[in-house]
> 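Dropping the structure in here first, questions after.
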Amino acid sequence: MRRAHTRYEMAAFIRTLSVIGIAASCGCSGVFGLTDSKRPQQEGASQNVADLDPEQRAALCAAGAVPLAKAPVLVRLSFVQYDGVIQDLLGITDRPSLQFSPDPTVDGFSNYSASLAVSPQLARDFRTTAENLAQSITADSAKLSALLQCQPSAGVQCATSFINRFVARAYRRPLASQETANYLTLFNSASSVFDSGDVFTNGVRLVIEAALQSPSFLYRQAPAEGTSGVVTLTDVQVAEQLALTLWSGLPDDTLSQAASASLLHTPEQVRAQVQRMLASPKARRTLSKFHDEMFNLSLYTSIQKDPTRFPDFSTATIAAMQEEVRRFAEDIVFDTKGGVYDLFTAPFTYVNQETAPLYGLSGDFGPEMVRVDLNANERAGIVTQTGFLASHAHSRDTSPILRGVYVFRDLLCNGLGAPPADVVQTVPDATAALKTQRQRVQAITGSGSCNACHSNINPPGFALEAFDTLGRVQTTDNGEPIDTKVSMFIDGVATELNGPVELAQAMGASDQAARCYTTKLARFMLQRREADGDVCAIDDVSRGFATPGYTIADALTALSTTRAALNYTPMGDAR
Amino acid sequence: MSHGRVNDRTLERRRFLKAAGGIALGLPFLELFAPRSAKAAAAATPKRLVTMVNFSGVNYYAGGDSGRPGGAYDTFFPKTAIGSALTAQSWAGQGTEALNRYFDKISIPRNMVMSPGGFWYGDTQPGNTEGGDHGAACIALLSCQKGIAVGGGAPNRAGGMSFDTLAASKINPGVKQPLVLCVQPRRSDSLGYVSYASAGTPSSQIVNPWNAYATMVSSTPDAVGAVDRNALRRRSVLDLVSSEVNALKRAPLSQSDKQKLDMHYSAIRDFENGSQQAGLIACRMTDTAALSRYNRSDTSLTDDAANYPEIGKLHMDVLTLALACDYNRVATLQWGSGTSEPTYNWISSQHTYGHHPYSHHSASDTGVGDLDTEASKTRMREIDTWHTAQFVYLLDSLSRYNDSNGTMLDNSAVLWLNEFSDGYAHGNIDMAAVVAGSAGGYLRTGRHFQSASTRTYQSWLTATPHNMLFTTLLNAVGVRADNGSPYAQFGIGSAGEMSELKA
């Protein structure tokens, strides 16, 4: 028996795409971005340059003829940068931004410069953090003397040298003499501002409290001079940019010295520094944040599983699933020194006592994460990890649609439009012929206008039906053997494949997945959507991934040294 | 709290005097009254605006569409006929039954449609809004604006400030932003925000109640009329920071860069102005035991879904104190985020899914109705009951403070607004709203009323756009046009106030 599916029900159905938090965007008609051939179009830069054919584009890029993207002069530090800079500056491990209201995300990223506003509440949070840190650091004699590097008995001399060193580090640039003088005035006001305590220590406290609220600390300031056309970053600004984008922190002495010796402006000079910086553990905090957002780990905190069926599932499971992705991605970038292919295909992962059983692993596992090899016939890389599979699923059931949308839209960067406003659909009652999740999803999406999108969305989801709602291997569904054979477009070619490992292999080897990953990496590094002026760099890096041995570190190096990285055009009406 | 009127003014007066005599230590903070400063007593009683927001809809379906199981049902709205006075039995048997106790301080508007009009009827949102219906609804819920695209891509933020921000900018003594408290917002995309500071920029959300309290404490004097002990130090620091901001603004910056700086640093100056404000009492709790558990540097407690009820209650305690001490006159409390609310398993073990799956009677890809219809409706009704209890706790809290002319509730406009009425169908026709308090006599209370239709959306739909409710509430708390005449229209919709809601 079939019954009519009203517009309300269609809306509700589309809504199920977002039951656990995915923005639903199924466009079940030809007008939502799919062409007549059903070949998916790639999302991304739709500007003129991006639309040129590859040869024309390569010629423009080679000639340096693509105008650079416009960017704002002032950009507030993202929260991961704010935390990192504070850690480097004060020699602490606090992450104050954990208590702030998260910055809004665009394209899944929380660091887009357009979103980095300072609301009154955040202004308060910055103030509170500055006050608390200034107080706690100056109350700790070891930390205080490490910051001072001189004897308070030296009086104003020590105060001046402290200001010139500490505030300049905080500002990522040398101080003007007027700035030093202003800070000395503040330092000297301690005797009238405080009614107790050591006067020198109180002066230091005031300096720290002010420096951490100054716009020169909280904002990255690009050069605005020569506001017509292209502006080239100074050596000092290159150092700041590299430190903030690669380390989410401050330049170290080596980088600062290179900048002050004017040895930080040719691509070769910059490349050497980037390679050095990527070998530092500090690069991990940036890449960790990127993969957190690239793979939407915050979504995991909303995972809900039916406790009557999955009594062992808990917040500890979720935490282990998140940590697994972080450790895995970190391993691929820094230890395996791999590329996009490895992210998609590596047959190992990180588990602890919470997640080892989900992988069918027996043995002694504790709370700490350990690297384990997996059955390469069952698992391959990121799309076979339990966190992704469980977060893109319902409380009891799998969700081929949620998983398929993520693969299609977020890992392959295919465009996917809005839900149609008023679609009449039919939904079958459960029958003996419609036992499996695949059969039921196919029945309601496999024909008519819905099929225009779902013929692309469903296949990767069906291939991943080899895993249940927790990400455990399953071979039957409702008593029926699971069918994981599908055909899907990859790199514009209809590709036959069977099951998750073949899916992962095909994606990992594709230009499409490499370009998608590169585009997202560029967005994260640039803190905005890519524009015309970034297309050349994205082209270069995407092509690079097709070369054996090309690593994610190579991609970061390339993105940090392009013309678009070392030059920019100030946005708007700069005067 | 015993049955009947919440307030025992005689008792409160006695407590007030005891507190004034300094022997009230140990009383719950809400009952600890301190002397009003002469300044506060002389000033007109401030009006306050409080908004509570829930997502995913209530247990309500008006019927009329084929294919929907079960027929019409409603356990949310009062059973008293529309157009009648509410009574102490109006919600008897409903999921919202606890509202009975406040029947004469409440009004229920009907016939109200989300504006700009939702998804199938009239002035639709721009296509392709991030997050679909939920995204568009979260964007419009408090802003009455369409979505705009920030950072490229689909519309993902409101195209203008929300009404709480407008109110705060006009009626707040110090900082010109509302206090926005959120209980475990899990998202930071279009579904994560309802309060907007400006077009494209959501208001910052405070998720940790201890932080909300600690920030208030560090920004206000220890006692009414006293000087903020941090003020002197802060002024020194602010002098230096201001000189740096001014120097920076002399650099060739774009207008938008200058606006960034202005928004940031004018707020800090506002704090200075606000720090001398004093309300009924000092912004201090006598008992911070429950709150101080949240004084920690990680987010394990605020992330843990089991703490959802406690965080909400603590937020309401802080919110009430913030209004009473005149730290802020506008507060917004957001429970969860769009589609992302916890499993309400503290209600009963039968709650194995979250609010959002129950709202659709579904937890799978295969459409709607795969969860048992009657069981889902029961869970939805239970969730309404729990939300109602939270709203009543808020009303109780506001009622415990006496202004010179009635309780703080009487001098407030309090709104409980749900993202959808019919969550199952994403229906925002006949929005599920409860208005409480009279804002000092401006609002008519005790009515279940049909608001007059001012717009025809479709042949089958004429209704009141919900921006008129906001226009009314803004006027109620004292917002006026620049020339002093009534504030004419908030957001997209129809001009004017909801006359049935005015006393």
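Just so it is clear, the structure is predicted and the values come from calculations on it, not from any experiment. Chain naming here is simple, since letters A, B, ... match the order of the sequence lines and numbering starts at 1 in each.
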> Given a strict heavy-atom distance threshold of 4.5 Å, which part of B/T201 is in contact with chain A: side chain, backbone, both, or neither?
side chain
> For A/R396, look at atom CZ and say whether over 12 heavy atoms of other residues, nucleotides or ligands are found less than 6.0 Å away.
yes
> Taking all non-hydrogen atoms of both residues, which atom of A/P215 and which atom of B/L248 are closest, and how far apart?
CB-CD2, 3.6 Å
> Which heavy-atom pair separates A/V73 from B/D257 by the least distance, and what is that distance?
N-OD2, 3.1 Å
> When only pairs under 4.5 Å are counted, which of A/T301, A/L122, A/T315, A/T128 shares the most heavy-atom pairs with chain B?
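Sorted descending by pairs with chain B, the first entry is A/T301.
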> Looking only at heavy atoms, which two atoms of A/V106 and B/N156 are closest? And how far apart?
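Shortest heavy-atom contact: CG2-ND2, 3.8 Å.
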> If you count heavy-atom pairs under 4.5 Å between each of A/E131, A/R309, A/E179 and chain B, which one has the most?
A/E131
> Just so I understand: if I count every heavy-atom pair under 4.5 Å between each of B/D298, B/L179, B/T302 and chain A, which residue has the most?
B/D298
> Would B/V237 and A/Q213 count as a side-chain contact (heavy atoms from CB on, under 4.5 Å) if you check the C-alpha gap in whole Å, the side-chain angles of each, and the deciding distance to 0.1 Å?
CA-CA 9 Å; B/V237 169; A/Q213 294 182 73; 3.7 Å; yes
> Kindly give the heavy-atom pair with the smallest separation between A/S395 and B/Y353, and that separation in Å.
CB-CE2, 2.7 Å
> What's the spacing between A/N202 CG and B/R233 CZ if we round to 0.5 Å?
10.0 Å
> Can you tell which of B/R296, B/Q259, B/Q177 has the highest number of heavy-atom pairs within less than 4.5 Å of chain A?
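Among the listed options, the one with the most contacts to chain A is B/Q177.
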> Side chain, backbone, both or neither: which part of B/V245 has an atom under 4.5 Å from a heavy atom of chain A?
both
> Find the distance between OG (A/S214) and CD (B/E244) and round it off to the nearest 0.5 Å.
3.5 Å
> What part of B/S297 lies closer than 4.5 angstrom to a heavy atom of chain A: side chain, backbone, both or neither?
backbone
> At what distance, to the nearest 0.5 angstrom, does OG of A/S298 lie from CZ of B/R186?
10.0 Å
> Going from CD on A/Q304 to CG on B/N345, what distance comes out if it is rounded to the nearest 0.5 angstrom?
9.0 Å
> Counting only non-hydrogen atoms closer than 4.5 Å, does B/Q184 touch chain A with its backbone (N, CA, C, O), its side chain (CB onward), both, or neither?
neither
> Using 0.5 Å steps for rounding, measure from the CD atom of A/Q121 to the CD atom of B/Q205.
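Separation between the atoms: 10.5 Å.
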> List the steps and the verdict of side-chain contact (heavy atoms from CB on, under 4.5 Å) for A/R127 and B/S219.
CA-CA 10 Å; A/R127 183 176 76 175; B/S219 309; 3.3 Å; yes
